[in-house]
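Keep in mind that this is a model prediction, so the values were computed, not measured. Every chain is numbered from 1 and lettered A, B, ... according to where its sequence line falls, protein lines coming before strand lines.
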Amino acid sequence: MSRYNPKEAEPKWQARWNAAGSFNADAAAKDAQKYYVLEMFPYPSGRIHIGHVRNYAMGDVIARYKKACGFSVLHPMGWDAFGMPAENAAMQTGSHPRDWTYANIDTMRGQLKQMGLAIDWSREFATSDPEYYHHQQRMFLEFWKKGFAYRKESSVNWDPVDNTVLANEQVIDGKGWRSGAPVERRKLSQWFFNITGEAEDLLAALDDGRLKGWPDNVRLMQRNWIGKSKGLAMKFCFASGTSAPKEFEDGVEIFTTRPDTLYGASFLAIAPDHPLALHYAETDPALKDFIAECQKTGTSEEAIEKADKKGYKLPPEMAHPFDDRKLPLYVANFVLMQYGTGAIFGCPSGDQRDLDFARKYGLSVPPVVLPPEADPASFTIEDEAYTGPGTLFNSGFLDGLPTDEAITAAIAKVEEMGMGQGQTQYRLRDWGVSRQRYWGCPIPAIHCDKCGIVPVPEKDLPVRLPDVAPEEFTVPGNPLDRAEDWKNVDCPTCGGKARRETDTFDTFVDSSWYFARFAAPHPDKPVEKDAADYWMPVNQYIGGVEHAILHLLYARYFSRMMKACGYLSVDEPFENLFTQGMVVHETYLDPDDTKPLKDRWLLPDEVVLKDNVLVQETTGKPVIVGPIEKMSKSKKNVVSPEDIAEKYGADAARWFMLSDSPPERDVEWTDSGVEGAWKLINRIWDAVASGNNLLKENDLSKPSEANDEDKTLRQATHGAIDGVTGDIDHFRFNKAIARIYEFLNALKKAPKASNWARAEALSALTRLIAPFTPHLAEECWETLGGDGLACEAPWPKADPAFLAKDELVIGVQVNGKRRAEITVGANDDKETVENAALSDEGVQRHIDGKTIRKVVVVPGRIVNIVAN
RNA sequence: GAAACGAUAGCCAAGCGGUAAGGCGCUCGACUUAAACUCGAUAUACGGUGGUUCGAAUCCACCUCGUUUUUCCA
């Protein structure tokens, strides 16, 4: 028998698809229903890794399957090409970010094409193309005009040695990654998008059916992220006898979600950057030091949450609104200026952070919420706050009310007293889009001393990145700040001297609308409305769960802004979302521990199995097998798709990536796995090779059954069609593949089937494997004598007549333990099944001498007899 | 610290309230001069503790471990 030769077959079919324009979306029938499938576009990091193969193979299965089902399919590809790694590479290797990025794109495009993906390459673009970012700048000017974009101050990580802004990932243990200097928080004036203005609709769409095609866990994560809470905003007045600063004599406004616990208040706390704290710091050096100390905590949520609770007591005391207690006022490091009003009241019995704080500073801990069934006389709080619901006590007019009623009553009382009002609050903050970096889309704004900040006139767009020397990137800071020729311009309003904005956009902006741009390849406007209306929304979006919150939320918001400006007609860009798992691999470590750890990781290629022990190929020494981890360059546990394709072909790599694990879970790359895929490809090829020209010689539209084996084979064929179709529809690729294995076994067990039944089976098999192993399918299709290309062939249809079973075997339990099996008809009623079970010998033995209490009959499943 | 997800044999997994599938590997056997391929056979498993139920891998609670995200990586 001839072996299948992917090295010849794969390039051959890729060239034919290309020549036929098989995946060109323009050529698709416009009267057909459209289907837009999109995988999250890649960052051009250098080379395609096997995780990309898995991601794009999934989208490719969907694209090819939908095409076979008669849809007009759009499946494009582009590059998320701006970002920090290009600048890091420039620092290390001296290559310009632009050269590095576009060279990477060229490499990766070639690698992707080698995988045989059904992609419309005519629509390809990179976000770093001026043609793309030109339109991003145009839209920004409109958003600015409409008030979606505005400027305000916010904190960044500042490296005081390198004098540069650091990303969170560049801060390691609170220190700058290059300088090692402790990082400080610094305030900068930056651009923001008003995403909180859409918070209500972004939240509503999660539940009103607009996102019913999204996984529940992603919707839940977004809901938590938006974090809507209803509460009370109220003023605490300064206590009588306390001197308050003049501009603050109104009091301190706090926000709380638990106004029911107001009687449990034992202190007030404000954020370190609260105006009142800053006011006192002007005359109090110790407070100034304390605030500076707080600024040393990083800007990440985790850093703030994990930091020790610390406070600094301010001179004034605050008056409790309901009784005559006086409460101390602190500046506290765990209160955030961005959330609520930047001030809280502390109720130690009802909040763990407040309790930790109260214990540290010796403040009282009055319990006010009594848990269900607790004794009010003995209930006290020790080291754990009680945050659950209960009944109010020690709480004046709230005594005896359950938590929810007490919240309403407390808000009503405060409103009646004129001291505050009920308020809705979000955890979501506005989206800061300014980045102090070179390799991003320039923000089209000009700073003029006279006119303030003015937009770049549309006729002057795009604002292109200036060409700076590669050496510029070895110096800390933003090269745009030093590009004097580029930076210094005349003010478009008054003509006087002015400066360009030197910040660029967050790369999340670039990835918030690329899917709409794909609808029409290269119009001289952000999107072609007719094309966008035809293709949007994306019917199936596929990507990693790591994008569940930020990218997906930003893209949803951006679509709303674009709709408001008339670019799009949809507000939700992604109808269905699938989040796939990662590809992981064992790690290998050189046992020589005199070398630094980072130099001891070994590539899988350097490790061989010898006498059942994994050894380093060059030295023969055993290696330490480390944990199975996400593939990463630093741990070297990577495999190159090119090598795999070279050895086994792209089809084997695609097949293995989809066969082993459910797509939403992580999959471990193993050599035996891809070898298994290679074996399977050859088994299919063997099965088909004997069917030379069967399709030319048999008319499949005229069913024919010559012998008994035909019926069995036809049941297997139609069962496989039905199963694989359902599995692809539900993203169960691993199960679809398991069914193809079963089908292949069934085919082998029917050597006497007639040519007609074999033709039907092989034709179905070829079309079922086509989305997974498209090159092999073409080769099979050609051998069988099928019409045209396999990728243009229609999807097979299952005949329901072959799917029903007439009898089945079910288990019989006695007291929950399985004791026998009986064969029953598929349509037998409960009584018949019950009688059959009770009369079974094995069952009789176990119920002998006992009284039958109950018989549970689950049709088609099981019978359980309860007896004692 | 918080949120989300996960844990079934040596490994990967199906099952998602009703008989613990399948694949890889191991071992043995058949085929072969031998090996590879192929075919056949055997063994081993529901992370822990409680609860709900006639019946729990499946539902609930708590715990342990792992992964991802945490507003400037993409």
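In the set B/rA13, B/rC54, B/rG18, B/rG18 carries the atom at the smallest distance from any side-chain atom of A/V858. You'll find that the side chain of A/H547 is closest to B/rA74, out of B/rG18, B/rU71, B/rA74. Closest to the side chain of A/F508, from the set B/rC72, B/rA3, B/rA74, is B/rA74. Nearest to the side-chain atoms of A/R437 among the listed nucleotides B/rC72, B/rA74, B/rC54 stands B/rC72. The A/L220 side chain lies nearest to B/rA4 when the options are B/rA4, B/rU69, B/rC72. With B/rU71, B/rA14, B/rA74 as the candidates, the nucleotide lying closest to the side chain of A/N168 is B/rU71. Listed candidates were B/rA3, B/rA74, B/rU71. Nearest to the side chain of A/M221 is B/rA3. Distance from the side chain of A/E546 is smallest to B/rU69 among B/rU71, B/rG18, B/rU69. The side chain of A/N224 lies closest to B/rA3, out of B/rA3, B/rG1, B/rC37.
Here the closest non-hydrogen pair linking A/L480 and A/T502 is CD1-O, 3.3 Å. The minimum heavy-atom distance between A/R54 and A/M657, with the atom names listed, is NE-O, 3.4 Å. Across every non-hydrogen atom of A/T196 and A/R429, the tightest pair is CG2-C, 3.7 Å.
Applying the 3.5 Å distance criterion, the base of B/rC54 shares no donor-acceptor pair with the side chain of A/Q813. Side chain A/R853 to base B/rC54: no donor-acceptor pair is found below 3.5 Å.
At the heavy-atom level, A/R427 lies under 4.0 Å from base atoms of the strands shown. Within the nucleic acid shown, A/V165 comes within 4.0 Å of at least one base atom, counting heavy atoms only. Within 4.0 Å (heavy atoms only), A/N864 reaches at least one base atom of the nucleic acid. If you check every strand for non-hydrogen atoms under 4.0 Å, A/N734 touches sugar and phosphate atoms only. Residue contacts shown for A/Q436 include a base, since a base heavy atom lies under 4.0 Å away. Looking at heavy-atom distances under 4.0 Å, A/S659 makes no contact with the nucleic acid at all. At the heavy-atom level, A/G544 lies nowhere under 4.0 Å from the strands shown. Within the nucleic acid shown, A/W431 has no heavy atom closer than 4.0 Å to any nucleic acid atom.
The closest donor-acceptor contact from the side chain of A/T127 to the backbone of A/D510 lies at 3.5 Å or more, if one exists at all. The backbone N or O of A/G176 lies less than 3.5 Å from no partner atom in the side chain of A/D159, so there is not a single donor-acceptor pair. A/Y133 contributes no side-chain N or O that, together with a main-chain N or O of A/G440, makes up a donor-acceptor pair within less than 3.5 Å. With hydrogens and angles disregarded, a donor-acceptor distance shorter than 3.5 Å links the side chain of A/R258 to the backbone of A/T387.
A distance of about 44 Å separates the P atoms of B/rC63 and B/rU27, rounded to the whole Å. Spacing between B/rA20 and B/rU33 at atom C1', rounded to whole Å, works out to 44 Å. Nucleotides B/rC65 and B/rG22 have their C1' atoms positioned 28 Å apart, rounded to a whole Å. Comparing B/rG66 with B/rC72, their P atoms are spaced 29 Å from each other, to the whole Å. Atom name P, nucleotides B/rC28 and B/rA36: the rounded distance is 13 Å, in whole Å. Straight-line distance between the C1' atoms of B/rA74 and B/rU38: roughly 47 Å, to the nearest whole Å. Taking atom P on both B/rC5 and B/rG10, the two are 29 Å apart, rounded to the nearest angstrom. Comparing B/rA13 with B/rA9, their C1' atoms sit 11 Å apart, to the nearest whole Å.
Residue whose closest nucleotide on RNA chain B sits further toward the 5' end, between A/I862 and A/Q190: A/I862. Judged by closest nucleotide on RNA chain B, A/K306 is the one of A/T507 and A/K306 placed further toward the 5' end.
Seen from the ring of A/W214, A/R219 does not count as a face-on cation partner, given the 6.0 Å and 45° thresholds.
Both distances falling under 3.5 Å, in either a Watson-Crick or a G-U wobble arrangement, place B/rC5 opposite B/rG66. Across all strands shown, B/rC72 remains unpaired; no Watson-Crick or G-U wobble contact has both distances below 3.5 Å. Shown here, B/rA34 forms no base pair; nothing in the strands shown gives a Watson-Crick or G-U wobble contact with both key distances under 3.5 Å. Across all strands shown, B/rG18 forms a Watson-Crick or G-U wobble pair with B/rC54, both key distances being under 3.5 Å. Pairing for B/rG25 is absent, judged as Watson-Crick or G-U wobble with the two contacts each under 3.5 Å. Across all strands shown, B/rA61 forms a Watson-Crick or G-U wobble pair with B/rU49, both key distances being under 3.5 Å.
Atoms CD (A/E302) and P (B/rA3) sit 14 Å apart, rounded to a whole Å. One can place CH2 of A/W158 at 14 Å from C1' of B/rC72, the figure rounded to the nearest angstrom. In this structure, CG of A/D162 is placed 21 Å from P of B/rC72, rounded to the nearest angstrom. Going from atom CD1 of A/I740 over to atom C1' of B/rA14 covers 16 Å, rounded to whole Å. Taking atom CG on A/L552 and atom C1' on B/rU68, their separation rounds to 14 Å, with Å as the unit. Nucleotide B/rU19 holds its P atom 15 Å from the CD1 atom of A/I865, rounded to whole Å. B/rG15 atom P lies 12 Å from atom NE2 of A/H730, rounded to whole Å. For the pair A/R739 CZ and B/rG22 P, the interatomic distance rounds to 15 Å; values are reported in whole Å.
Regarding contacts with the backbone of B/rC24, every side-chain N or O of A/K679 stays at 4.0 angstrom or more from both OP1 and OP2. Distances shorter than 4.0 Å separate some side-chain N or O of A/R435 from OP1 or OP2 on B/rC72.
In summary, the side chains of A/Q295 and A/R186 do not present any donor paired with an acceptor at a separation below 3.5 Å, with no hydrogens or angles considered.
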